[in-house]
Amino acid sequence: MDSEMSHQDGNYNESPAKSEVIGNGTVTTMANSRLKLRVHPNKDHKPEGYDDLDLDFNPSIFSSLERYLPSNMLGIPRDDKAKFMREILLKYLPSGERHRTQKHQEYREKIKSNYQPLHRELYALNPTTFFLPTFLKAISDNTEQSFRSIISEPSPGIYVFPMLQPDFCELLLSEIENFEKWVAEAKFRIMRPNRMNRYGAVLDDFGLEPMLDRLMDDFVRPLSRVFFPEVGGSSLDSHHGFVVEYGEDKDLDLGFHVDDSEVTLNVCLGKEFSGGELFFRGSRCERHVNTGTQSEEAFDYSHVPGRAVLHRGRHRHGARATTSGHRINLLMWCRREMKLYQKDFSDWCGECNRMKKERQRSTCAATRLELIAREGESTA
């Protein structure tokens with residue numbers, strides 16, 4: 001959801017609120033209330049979960065929006081908060097979005113009620129069996145210095161580090177194979193990760209969403225807070241988690257694109273393969289996504305099982321052909337449901353930054369010429 005739903009001062013001051021806590025702790029209706037959303041999220045507030053409620057929208061949207069509720073609403077019953085937020089969402093999201101959300105929830109329920117997981121230990125995150133000790137130590141220390149002790153930055157804005165245990169990669173690959181086997185036997189039509197990948201699966205859809213929630217909250221967001229503050233890295237609150245598959249009889253390559261995310265985590269799970277390098281060509285805002293690439297922005301990255309690459313979603317990239325074998329990658333598109341409203345992208349868009357520097361150079365050159373001209377007049 002875009003923060004443009006708010007007025008220019010950052011507050012929502014319509015009157016959809018239905019309830020408010022009064023002195024005795026009960027809830028009363030306020031038909032003409034003028035409650036406003038906060039300008040900035042309450043980072044100290046832990047929002048409630050809404051997955052078990054029958055909602056028109058994705059439950060993660062409610063959890064995200066709850067951080068923006070006025071302080072006097074945070075203590076009211078969850079159902080009342082949901083009603084208030086629903087009124088706001090109904091004003092700004094089209095009915096088609098509600099219909100898609102409902103259908104997607106029904107789709108997930110059908111999978112969960114029929115698919116039997118092979119490795120249930122994957123469905124709750126266990127840090128010591130999932131992650132390498134060096135990665136866990138860096139996250140535990142939670143400082144930029146500890147992060148940089150395991151992370152390399154081979155090109156600006158691209159961070160590479162060893163992350164996953166080999167045994168975890170094998171278990172997850174086995175679970176994916178089991179899911180695909182069930183899909184084939186049940187003749188169940190599944191949703192693919194995105195419009196570009198014809199193979200792969202959305203991990204959130206078959207029960208791994210809680211595990212991936214914790215992966216983002218406890219392990220990706222601390223890194224994003226340090227390395228991507230300009231795109232809201234400290235307040236990532238939702239994700240799209242999936243695997244993609246490349247090789248013979250699968251996708252071979254992936255065209256040049258940007259991700260639908262603020263920050264993307266990409267980890268190779270295996271197996272044996274050659275080719276498949278990622279090629280990066282600089283970060284761009286929406287306006288400049290199709291502009292040329294500066295020589296310093298071009299970078300190619302070769303996958304290694306268990307090793308992660310972290311980058312902005314707006315960092316343009318693609319995947320070269322996997323020439324042999326079978327490659328499977330885990331991806332998380334990490335997002336802010338309440339987007340940052342930005343007008344100046346020069347701190348991360350390469351083209352905006354180039355144009356800004358060009359304007360500064362032009363201004364400096366014009367100033368020098370004017371000073372020289374004045375100096376000449378004074379000596380004439």
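Worth knowing before you read on, the calculation uses all heavy atoms, side chains too, and leaves out hydrogens, waters and symmetry mates.
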Indicate whether any N or O donor in one side chain lies under 3.5 Å from an N or O acceptor in the other, for [X] and [Y].
{"X": "S238", "Y": "R335", "answer": "no"}
{"X": "D205", "Y": "H104", "answer": "yes"}
{"X": "Y115", "Y": "N178", "answer": "yes"}
{"X": "Y246", "Y": "N329", "answer": "no"}
{"X": "N290", "Y": "R316", "answer": "no"}
{"X": "H257", "Y": "D259", "answer": "yes"}
{"X": "S146", "Y": "D141", "answer": "no"}
{"X": "R314", "Y": "S261", "answer": "no"}

One thing to verify: whether [Y] and [X] come together as a salt bridge, which I'm taking to mean a side-chain N less than 4.0 angstrom from a carboxylate O.
{"X": "E177", "Y": "K181", "answer": "no"}
{"X": "D79", "Y": "K83", "answer": "no"}
{"X": "K81", "Y": "E66", "answer": "yes"}
{"X": "D251", "Y": "R192", "answer": "no"}

Taking all non-hydrogen atoms of both residues, which atom of [X] and which atom of [Y] are closest, and how far apart?
{"X": "S224", "Y": "L236", "value": "OG-CD1, 3.6 Å"}
{"X": "K43", "Y": "S234", "value": "NZ-OG, 3.8 Å"}
{"X": "I190", "Y": "A201", "value": "CD1-CB, 4.4 Å"}
{"X": "R320", "Y": "D253", "value": "C-CB, 3.8 Å"}
{"X": "C334", "Y": "V220", "value": "SG-CG1, 3.9 Å"}
{"X": "F227", "Y": "I151", "value": "CE1-CD1, 3.7 Å"}

Geometric class of the Y159/F228 ring pair [parallel <30°, tilted 30-60°, perpendicular >60°]: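 Judged by the thresholds at 30° and 60°, the geometry between F228 and Y159 is perpendicular.
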
Measure the acute angle between the ring planes of F242 and H240, then classify it against the limits of 30° and 60° as parallel, tilted or perpendicular. tilted

Could you go through R284 and E297, starting from their C-alpha distance and side-chain angles, then the distance that decides it, and tell me whether this counts as salt bridge (Lys or Arg N to Asp or Glu O under 4.0 Å)? CA-CA 11 Å; R284 293 291 187 274; E297 295 178 313; 2.8 Å; yes

Using a cut-off of 6.0 Å, state whether more than 12 heavy atoms not belonging to [X] lie near its atom [atom1].
{"X": "K112", "atom1": "NZ", "value": "yes"}
{"X": "E248", "atom1": "CD", "value": "no"}
{"X": "R214", "atom1": "CZ", "value": "yes"}
{"X": "E272", "atom1": "CD", "value": "no"}

Less than 6.0 angstrom separating the ring centers of F280 and H315, yes or no? yes

With ring centroids as reference points, do F279 and F299 lie under 6.0 angstrom apart?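 Centroid separation for F279 and F299: 6.0 Å or greater.
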
Does [X] belong to the same Ile/Leu/Val/Met/Phe/Trp/Tyr cluster as [Y], with side-chain heavy atoms less than 4.5 Å apart forming each link?
{"X": "I150", "Y": "L164", "result": "yes"}
{"X": "L173", "Y": "L125", "result": "yes"}
{"X": "L136", "Y": "V226", "result": "yes"}

Taking the side chain as everything from C-beta on, heavy atoms only, tell me whether D213 gets closer than 4.5 Å to H239. yes

Taking [X] for the side chain and [Y] for the main chain, is one N or O donor matched with an acceptor at less than 3.5 Å?
{"X": "S113", "Y": "E109", "result": "yes"}
{"X": "E175", "Y": "H119", "result": "yes"}
{"X": "N194", "Y": "M196", "result": "yes"}
{"X": "Q165", "Y": "T129", "result": "no"}
{"X": "N114", "Y": "K110", "result": "yes"}
{"X": "E262", "Y": "R336", "result": "yes"}
{"X": "T323", "Y": "S274", "result": "yes"}
{"X": "S63", "Y": "E48", "result": "yes"}

Side chain to side chain donor-acceptor pair (under 3.5 Å) between N142 and R225, worked out: CA-CA 10 Å; N142 196 27; R225 172 183 56 81; 3.2 Å; yes

Using the side chain to side chain donor-acceptor pair (under 3.5 Å) rule, take E180 and Y199 through it: C-alpha gap first, then chi angles, then the decisive distance, then the call. CA-CA 10 Å; E180 291 179 337; Y199 296 90; over 6 Å; no

Side chain to side chain contact (heavy atoms under 4.5 Å, CB included) between R108 and D204, worked out: CA-CA 9 Å; R108 284 189 175 186; D204 299 316; 3.2 Å; yes

Walk me through whether I61 and L89 qualify under side chain to side chain contact (heavy atoms under 4.5 Å, CB included). CA-CA 9 Å; I61 295 178; L89 293 168; 3.8 Å; yes

Output, in order, the C-alpha distance, side-chain angles, deciding distance and verdict of side chain to side chain donor-acceptor pair (under 3.5 Å) for T128 and N126. CA-CA 6 Å; T128 57; N126 185 334; 2.9 Å; yes

Show the numbers, then the answer: is there a salt bridge (Lys or Arg N to Asp or Glu O under 4.0 Å) between D52 and R78? CA-CA 11 Å; D52 58 322; R78 184 181 60 156; 2.7 Å; yes

If we check side chain to side chain contact (heavy atoms under 4.5 Å, CB included) with M163, which of these qualifies: L330, V309, L265, T134?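 So the option named by the test is L265.
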
For R327, which of H303, K271, E245 qualifies under side chain to side chain contact (heavy atoms under 4.5 Å, CB included)? H303

